[in-house]
Amino acid sequence: MKTLDKPLAPGGTVGIIGGGQLGRMLAMAAARLGLKTCIYNDAADAPAFQVTPNAIVAPYDDLEQLGNFADACDVVTFEFENLPAHAIAHLGEHVPVRPGAHALAMTQDRLTEKTFVEKLGLKTAPFFEVSSAEQARDAFGKLNGRGILKTRRFGYDGKGQAKVMSADDAEKAFASFKGAPAILEGFVDFSFEASVVAAHGANGQFAAYDPPENDHENHILRRSTVPSRLTAAQVKEAKAIAKAIGDALDYAGVFAVELFVGKSGELLVNEIAPRVHNTGHWTIEACQCSQFEQHIRAVAGWPLGDPARHADAVMENIIGAEADAWETLAKSGALHLYGKTEARPGRKMGHLTRLKPLTKL
Ligand code: AMP
């Protein structure tokens, strides 16, 4: 079993599970710090393979290849959370995995996650476990007429979710999940959505970025804008929420807390993402240390970087065929394209960040 008691010196190798755009931007940040990466992905055309010297293509539960991966790395992290828990546990027997299996398990399941958040004294939408048609009807009866049924696991970008307006709807939606355990949440009539991207070091250090306001279209993030409409007091509260979560999970790395901002100003925790996050991409241009560099620093045991913002920023995702306009986009801001060849509808192909002079919060 390898250990990492001291910061990983330049020349060391950070393993990244998942080769999407997040893995790609992590690898680029690691390279800037003089660290190498080895990227593990289940398909050969991963965008991150274009920017790393070491690649492994194998299924995420291939224990032999995971063993080879562990041999090639000094520390391992991941860029998406829907990984088999036993694969992470297996890796953890050979090489430090940051954040660890505990943080992953806690955030992979919406019921465990929301129960954990509630126990910390933080607010969430009302939620109820739904594992049967009867529970679906009962849970709906406890809401005030509107809810969202969500699968407990493996949901992203609105997948595995259904709006329900009656007990019949709730029962039908549960049937459509084909037996997958779910939770029913009360519908939150929020004023807007925000998120805090923050880093927690293995040694207890903490650094939070200013929370952006996030707009979604068709369940996909359209834009993140910073500063948001949050007041200075709400910004402080949002960062304190992230700190409470990071401390309680004994977390190592960057994570995001998605928030609903209620009509009377209350902050409700929607979801925790145990990884770098789309709503933090603006930090590449607007902060001295981006979320990607920050994550690499945290998992490599380095001191955390300064999360202060030196500019206002608007980050827009480039989705599907929008990427065809790359020449025009290249003239209008900091353009990031992820090297994906096929522009399927709804696929995140890149993003564009525009900076403006800093508004102090
Ligand atoms: P999630 O997968 O939980 O992040 O949900 C995706 C999006 O669905 C959120 O960003 C919200 O826009 C919306 N949403 C999720 N849960 C609720 C809720 N309880 N009330 C209102 N909107 C929600």
Side-chain angles (χ1 to χ4, degrees), residues 20 22 79-82 104 106-118 122-130 136 139-166 169-170 173-174 176-177 180-198 211-226 228-230 238 241-242 245 255-281 315-317 319 346-348:
L22 301 179
E79 59 124 45
F80 73 108
E81 60 271 41
N82 290 332
L104 189 65
M106 200 61 112
T107 52
Q108 266 183 339
D109 178 321
R110 291 184 191 273
L111 182 63
T112 323
E113 176 182 69
K114 287 221 154 62
T115 308
F116 159 74
V117 167
E118 203 174 41
L122 306 173
K123 295 190 208 80
T124 66
F127 64 94
F128 303 96
E129 179 178 359
V130 173
F140 187 82
K142 294 180 193 148
L143 302 179
N144 53 3
R146 273 203 294 178
I148 303 192
L149 191 75
K150 302 180 178 180
T151 52
R152 279 171 60 173
R153 300 167 67 86
F154 303 125
Y156 67 98
D157 287 349
K159 293 188 174 69
Q161 294 195 15
K163 255 192 199 164
V164 295
M165 305 294 280
S166 67
D169 275 1
F174 179 68
S176 77
F177 292 168
I183 61 168
L184 184 62
E185 274 181 32
F187 189 85
V188 181
D189 191 18
F190 52 75
S191 160
F192 59 94
E193 291 183 80
S195 56
V196 200
V197 175
E213 179 164 337
N214 305 317
D215 301 309
H216 294 87
E217 276 171 21
N218 305 319
H219 298 284
I220 297 172
L221 181 69
R222 175 79 266 174
R223 101 182 40 76
S224 289
T225 307
V226 64
S228 65
R229 279 177 280 167
L230 293 171
I241 289 172
I245 291 170
F255 62 104
V257 184
E258 296 177 14
L259 300 167
F260 296 140
V261 185
K263 293 266 159 69
S264 44
E266 72 277 22
L267 302 184
L268 305 182
V269 174
N270 173 36
E271 204 170 31
I272 305 164
R275 53 171 168 77
V276 286
H277 199 248
N278 197 168
T279 66
H281 289 3
M315 187 285 319
E316 302 241 13
N317 272 335
I319 298 165
R347 193 171 197 209
K348 291 174 183 168

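Counting starts at 1 for both ligands and their atoms, following the listed order.
- Summarising the geometry, atom CZ belonging to Phe190 is positioned 11.5 Å from atom CG belonging to Leu259; distances are rounded to the nearest 0.5 Å.
- For Gly186, the heavy-atom gap to ligand 1 drops under 4.0 angstrom.
- In the candidate list His216, Glu193, Gln161, Glu193 is nearest to atom 9 (C) of ligand 1, counting heavy atoms.
- The Glu258 neighbourhood of ligand 1 comprises atoms 4 (O), with distances under 4.0 Å to a heavy atom of that residue.
- Residue His216 holds its NE2 atom at 7.5 Å from OG of Ser224, rounded to the nearest 0.5 Å.
- Counting heavy atoms under 4.0 Å from ligand 1, residue Ile148 touches it through the side chain alone.
- With sequence neighbours left out, the side-chain hydrogen bond (donor to acceptor under 3.5 Å, both in side chains) criterion links Glu185 to Lys114, Lys150.
- Of all atoms in ligand 1, numbered sequentially from 1 with element shown, those under 4.0 Å from a heavy atom of Glu271 are 1 (P), 2 (O), 3 (O), 4 (O).
- Formation of a donor-acceptor pair under 3.5 Å by the Arg222 side chain with backbone atoms of Asn317 is found in this model.
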Between Phe80 and Leu22, is a side-chain contact (heavy atoms from CB on, under 4.5 Å) present by the stated rule, with each step listed?
CA-CA 8 Å; Phe80 73 108; Leu22 301 179; over 6 Å; no
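- Under a 4.0 Å criterion applied to the non-hydrogen atoms of Phe187, ligand 1 contributes the atoms 20 (N), 21 (C), 22 (N).
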For a side-chain contact (heavy atoms from CB on, under 4.5 Å) check, start with the C-alpha distance between Leu267 and Val261, then their side-chain angles and the critical distance, and finish with the verdict.
CA-CA 5 Å; Leu267 302 184; Val261 185; 4.0 Å; yes
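- Counting heavy atoms closer than 4.0 Å to ligand 1, residue Asn214 contributes nothing at all.
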